[in-house]
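Below: one structure in C-alpha cells.
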Amino acid sequence: PVRVITGDAGKWMYTQRLYPATVTLAGGPDAKVTFQSDTDSFPIEAPIGRDIQVSVGDQIIVECQSAPELRMVQLKTQ
C-alpha cells in the first residue's frame, strides 16, 4: 500500500516506524532533504522523485517553503 504524508512548510522531520520502506519526495520543488541514520547524515541531491530506502529509525529531514509530500511504500518482511 502507498501512504502519503504531507509535512509542514519550513523544517520538518519524518521518522520511519515499524517496517523498512521506500520513500519518495513528491512535493516541495524548493526542498532541501537530509537523510539521517543513527549518527550518519548526508544530503539528498535532486530529491524530487528520488526513491530513498529507509529502515526503522531512519529520519528524513525536509526544509522547504511549501508543504512537502512524502509517498511511502512499506516493505513488509517475514
message = When you measure from the side chain of D58 to the backbone of Q16, do you find a donor-acceptor pair of N or O atoms at a distance under 3.5 Å?
response = no
request  = Spell out, as yes or no, whether a donor-acceptor pair under 3.5 Å connects the side chain of R50 to the backbone of E45.
outcome  = yes
query = If you round to the nearest 0.5 Å, how far is CG of L75 from OH of Y19?
reply = 11.5 Å
Exercise: identify the closest heavy-atom pair between P68 and L25 = CB-CD1, 4.0 Å
query = So if you build clusters from Ile, Leu, Val, Met, Phe, Trp, Tyr with side-chain heavy-atom gaps below 4.5 Å, do F42 and M13 land together?
reply = no
Non-hydrogen atoms of P47 and A31 that approach each other most closely = CG-O, 3.8 Å
ask   = Hey, any chance I52 and L70 share a hydrophobic cluster, counting ILVMFWY side chains that come within less than 4.5 Å of each other, even indirectly?
value = yes
inquiry  = Please evaluate residues T22 and D51 with respect to the criterion side chain to side chain donor-acceptor pair (under 3.5 Å), reporting the C-alpha separation (whole Å), side-chain torsions for both, the decisive distance (0.1 Å), and the verdict.
reply    = CA-CA 6 Å; T22 300; D51 289 342; 5.9 Å; no
query = Atom CD in Q53, atom CZ in F35: separation rounded to 0.5 Å?
reply = 9.5 Å
message = Please evaluate residues W12 and I5 with respect to the criterion side-chain contact (heavy atoms from CB on, under 4.5 Å), reporting the C-alpha separation (whole Å), side-chain torsions for both, the decisive distance (0.1 Å), and the verdict.
response = CA-CA 11 Å; W12 182 76; I5 299 170; 3.7 Å; yes
note = Partner of I44 under side chain to side chain contact (heavy atoms under 4.5 Å, CB included), picked from T34, V33, V62, is V33
remark   = Between the CD1 atom in I48 and the CD atom in E69, the distance rounded to the nearest 0.5 Å is 10.0 Å
Q65, CD: over 12 other non-hydrogen atoms inside 6.0 angstrom = no
task = Take V56 and L18 through the test side-chain contact (heavy atoms from CB on, under 4.5 Å) and record every step on the way to the result.
result = CA-CA 6 Å; V56 174; L18 300 177; 5.8 Å; no
query = Is there side-chain contact between D30 and S66, with at least one heavy-atom pair below 4.5 Å?
reply = yes
request  = Report the distance from atom CE of M72 to atom CD of Q74, rounding to the nearest 0.5 Å.
outcome  = 7.0 Å
key: Pairing residues for E63 by the side chain to side chain donor-acceptor pair (under 3.5 Å) criterion, not counting sequence neighbours   = none
ask   = Measuring from S41:OG to I60:CD1, what's the distance to the nearest 0.5 Å?
value = 13.0 Å
